[in-house]
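Chain naming here is simple, since letters A, B, ... match the order of the sequence lines and numbering starts at 1 in each.
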2 protein chains.
Amino acid sequence: MHEPLFEYIEAKSELKLTDEERLLIKSKFQPKRLRKRQYFLQEGDVSKYVAFIVKGSARMFSVDDKGHEHIIRFGLESWWLNDAESFISLTPSRYNIEMLEDSELLIISVADAYELRDKSRLFDLTIKAMDKQASMATQRRIHAAISMTGEERYDELVNTYPQFLQRFPQNMIASYLGLSPETLSRIRKNLMSK
Amino acid sequence: MHEPLFEYIEAKSELKLTDEERLLIKSKFQPKRLRKRQYFLQEGDVSKYVAFIVKGSARMFSVDDKGHEHIIRFGLESWWLNDAESFISLTPSRYNIEMLEDSELLIISVADAYELRDKSRLFDLTIKAMDKQASMATQRRIHAAISMTGEERYDELVNTYPQFLQRFPQNMIASYLGLSPETLSRIRKNLMSK
DNA sequence: AAATAGCCTTGACAAATGTCAAGTTGAATT
DNA sequence: AATTCAACTTGACATTTGTCAAGGCTATTT
């Protein structure tokens, strides 16, 4: 069950885990199964756990005054799930995290995550590498959001995350891009004839 | 000259620097003055340095096909300047970083930054705290960009970064919000009569 | 003091995107 | 097999935002 996490850590840190470290990490990460449509986090709750996705997928989204949902980000195998804002500041979350497929997660508490970073250099290096990757990705996304048209943002998504098209329905892709489902449908129709 | 950086590190890490650490940090961070309109980073260059802003302000922006500029982010006193994407992957930057006022910076190279994180626990803690803060801020910004109208995004900016209105011209605020200067002007006019 | 350049505003119009309603399709459920 | 439901598409129209052009204000430069 924990094997994918070990592989992830060794890949990110570019180092090999010792048996001792494996045991330590295993003792902190607890397996959890969630079925499709179950919630990992609900709006108003405090995000006390981070989850590593072993298998499955999820979306993090907000709901606005008009009841419309806006997808902040998706999660897939070997990605992490949590609301950074709530997790870090321990305040109630404005977001929901819902599984989109039957999923297997490995979850760790806030306190244990800090402790593990202190105790395991490899884990600390892994989180640093993940932070870097995340900051690059979010910078790109902000750039796309403020400077590109809907069509350009869709183009970039097709090139950057082609898996999304296989795993997520089109109306959710639209929400992720900040577009209505109708507009994305028309953009795709338009691209066909090019 | 390095005092604001020391204060920043002690505030973020919630620990006191030893004289030894101060000397180490001082030896790695090199003072640099840039005047208004000078560039800290130009599109196509590789971002090899990070800068801590002691005094002054800056903007990071891209230029699109039509010659329009899009401001990804601003920098003010005790903020950091660099292109995460270029700095981390050592690839040519798509962005420019231009000083908006005469400024005093403390700059550190990629290699020295990694070395310093290894050698100084306080510095490492500081960067972790900064990463956390940055991930919260970018998550909020993405949420705003994909789910709010121009007026709502301006409202949020007024509440979150009121300093921006004092330090940066309105056309740059518009660019930061992903709006044309004309649209922001009309949004403000509209808000006046409410 | 005059000239210049940057910034902001406004109007008229164009383009992009959203909203609402209807209809289709295909998968999931009964 | 029939039913239900979710996802996608399309048309008509509304709203938001962008574009272009002009004019005014202010600070800086000459």
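- Whole-Å rounding puts the A/Arg188 CZ to C/dT17 P distance at 16 Å.
- Picking from C/dC8, D/dA7, D/dG18 the nucleotide with the shortest atom distance to the side chain of A/Pro169 gives D/dA7.
- Within the 4.0 Å cut-off from OP1 or OP2 of C/dT10, at least one side-chain nitrogen or oxygen of B/Lys189 is found.
- Using cut-offs of 30° and 60° on the angle between ring planes, the pair A/Phe168 and A/Phe164 is perpendicular.
- A/Glu101 and A/Lys36 are not joined by a salt bridge, as no carboxylate oxygen comes within less than 4.0 angstrom of a charged side-chain nitrogen.
- Each of A/Arg33, A/Lys32, A/Arg35, A/Lys55 was checked for a salt bridge (charged side-chain N to carboxylate O under 4.0 Å, His left out) with A/Glu104, and the lone residue meeting it is A/Arg33.
- One interatomic measurement links the two molecules: CE of B/Met148 to C1' of C/dG18, which rounds to 18 Å at whole-angstrom precision.
- Atoms CD (A/Glu152) and C1' (D/dG18) sit 14 Å apart, rounded to a whole Å.
- Closest to the side chain of B/Arg186, from the set C/dT17, D/dT9, D/dG18, is D/dG18.
- Residues A/Leu122 and A/Ile25 are not in side-chain contact: their nearest non-hydrogen atoms beyond the backbone lie 4.5 Å or more apart.
- Distances shown here put every side-chain N or O of B/Thr183 at or beyond 4.0 Å from the OP1 or OP2 atom of D/dT17.
- Phosphate contact (OP1/OP2 of C/dG6, side-chain N/O of B/Gln170, threshold under 4.0 Å): absent.
- Atom CD1 of B/Ile173 and atom C1' of C/dC7 are 13 Å apart (whole Å).
- Here A/Ser185 does not reach the OP1 or OP2 of D/dC8: none of its side-chain N or O atoms lies under 4.0 Å away.
- Between the CG atom of A/Asp65 and the C1' atom of C/dT19 there is a distance of 17 Å, rounded to whole Å.
- Spacing between atom CG of B/Leu184 and atom C1' of D/dT16 amounts to 14 Å, rounded to whole angstrom units.
- For C/dG6, the OP1/OP2 oxygens have no side-chain nitrogen or oxygen of B/Asn171 closer than 4.0 Å.
- For the pair B/Ile187 CD1 and D/dT16 C1', the interatomic distance rounds to 9 Å; values are reported in whole Å.
- Rounding to whole angstrom units, NZ of residue B/Lys36 and P of D/dT29 are separated by 9 Å.
- The cationic group of B/Arg141 lies under 6.0 Å from the six-membered ring centre of B/Tyr176 and within 45° of the ring axis, placing it in a cation-pi geometry.
- Not a single donor-acceptor contact under 3.5 angstrom links the side-chain atoms of B/Glu182 to the base of C/dC8.
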